[in-house]
Amino acid sequence: MTAAREVVAGVDIGGTTTQVVLCAADLGVLDRLDVPTPAAEGGAVMVGAALDTLRRLLDRTPGRLLGVGVGAAGVVDAGAGRILVASDSFRDWAGFPVTATVEEELGVPAFLDNDVNAFLRGEVARGAVAGERYVLGMTLGTGVGGALWLDGALYDGPHGAAGEIGHVPGFGELRCTCGGRGHLETLASGRSIAARYAERTGRSGATARLIAERAALGDVDARSVYETAGAAVARAILLTAGLLDVTTFVIGGGVSRAWTLLEPSIQRTLTTEPPVSGRPLTVLPASLNADAVALGAASRARTELGTVTGPSGGLNLNAGIPRRS
Ligand SMILES: [Zn+2]
């Protein structure tokens, strides 16, 4: 009888869906399952639903679980493994001790990241920017998120706020959802694309996705709001490249699915205002889609556990992993 395969799990607790992946040591996805997030029922029920889903995965794809990474929307204390600030759609989520709960239930180490940091970890581990060492990740979703990968590791800064390019001013004068003015988010989020299109046309109610469909059919106003979003994203790229010499950029989130609308405008701006390094910048759409956050969370767990593939191809674990029982 062979020893049980060693696996790590990644959990993405989003506003509507909780996605769980089971990964091998090389982060190849062995199995995945998603369930609705019971966001209105509180943190204990949400984490309970994620753990039930993980147990179902382990039943049908057996392995020896080494650790769990969790990616969650909102502001998180990655060190303490708890949620600090959550949106109104989550009940009893702010303050919830995510990693302590998972460790108590499963008896393996657990780690927490915010979802944008986890997204970038995933794309660097197995996605569009696999193996790159200097990357800015941006998510163009309902809002705009950002995360930084410097010298081969996530850089989150002393307050966990590094890479938050969505809320830097200098992108006009429009009021942002955060209360600030002229932030990138006012031009490049899904909500902003919808708002800017409504202002131009007097027709409200169209989603960013519908506006992308109209752009593809030649709607001039629809094309224009996507061009503006792309140019703003490019300016954020140039700021980051100028400040940190970051070479590679990966753009995810629902708005990035309209890549054929965004990319020409991004590239045009980068050509007009080349970075001070004089070196070309690589800008790519995310490639892991729904797996990115969960896979990135699993990647964090693997990194923290110090798992490495030994010379024999087997899995070695560093000593001294704090373990709860
Ligand atoms: Zn803002």
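Model, not experiment: these values are computed from the prediction. One-based numbering, in listed order, for ligands and for the atoms of each.
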J.: Among the N, O or S atoms that His167 has, which is closest to the Zn ion (ligand 1)?
T.: ND1
J.: Given the Zn ion (ligand 1) as the apex, I'd like the angle to SG of Cys178 and SG of Cys176, rounded to 10 degrees.
T.: 110°
J.: Salt bridge between Asp59 and Arg56, side-chain N to carboxylate O under 4.0 Å?
T.: no
J.: Among Val35, Ile13, Leu33, Asp34, which residue meets the side-chain contact (heavy atoms from CB on, under 4.5 Å) test with Gln19?
T.: Asp34
J.: Let me have the donor-acceptor pairs involving side chains of residues 125-136, under 3.5 Å, with sequence neighbours excluded, atom names and distances please.
T.:
from: Arg126; atom 1: NH1; to: Asp26; atom 2: O; distance (Å): 2.9
from: Glu132; atom 1: OE1; to: Thr248; atom 2: OG1; distance (Å): 3.4
from: Arg133; atom 1: NH2; to: Asp151; atom 2: O; distance (Å): 3.0
from: Arg133; atom 1: NH2; to: Asp151; atom 2: OD1; distance (Å): 2.8
from: Tyr134; atom 1: OH; to: Asp151; atom 2: OD1; distance (Å): 3.4

J.: Output all residues satisfying side chain to side chain contact (heavy atoms under 4.5 Å, CB included) with Leu174, sequence neighbours left out; order by chain, then residue number.
T.: Thr186, Leu187, Arg196
J.: For His183, what is the atom name of its N, O or S atom nearest to the Zn ion (ligand 1)?
T.: ND1
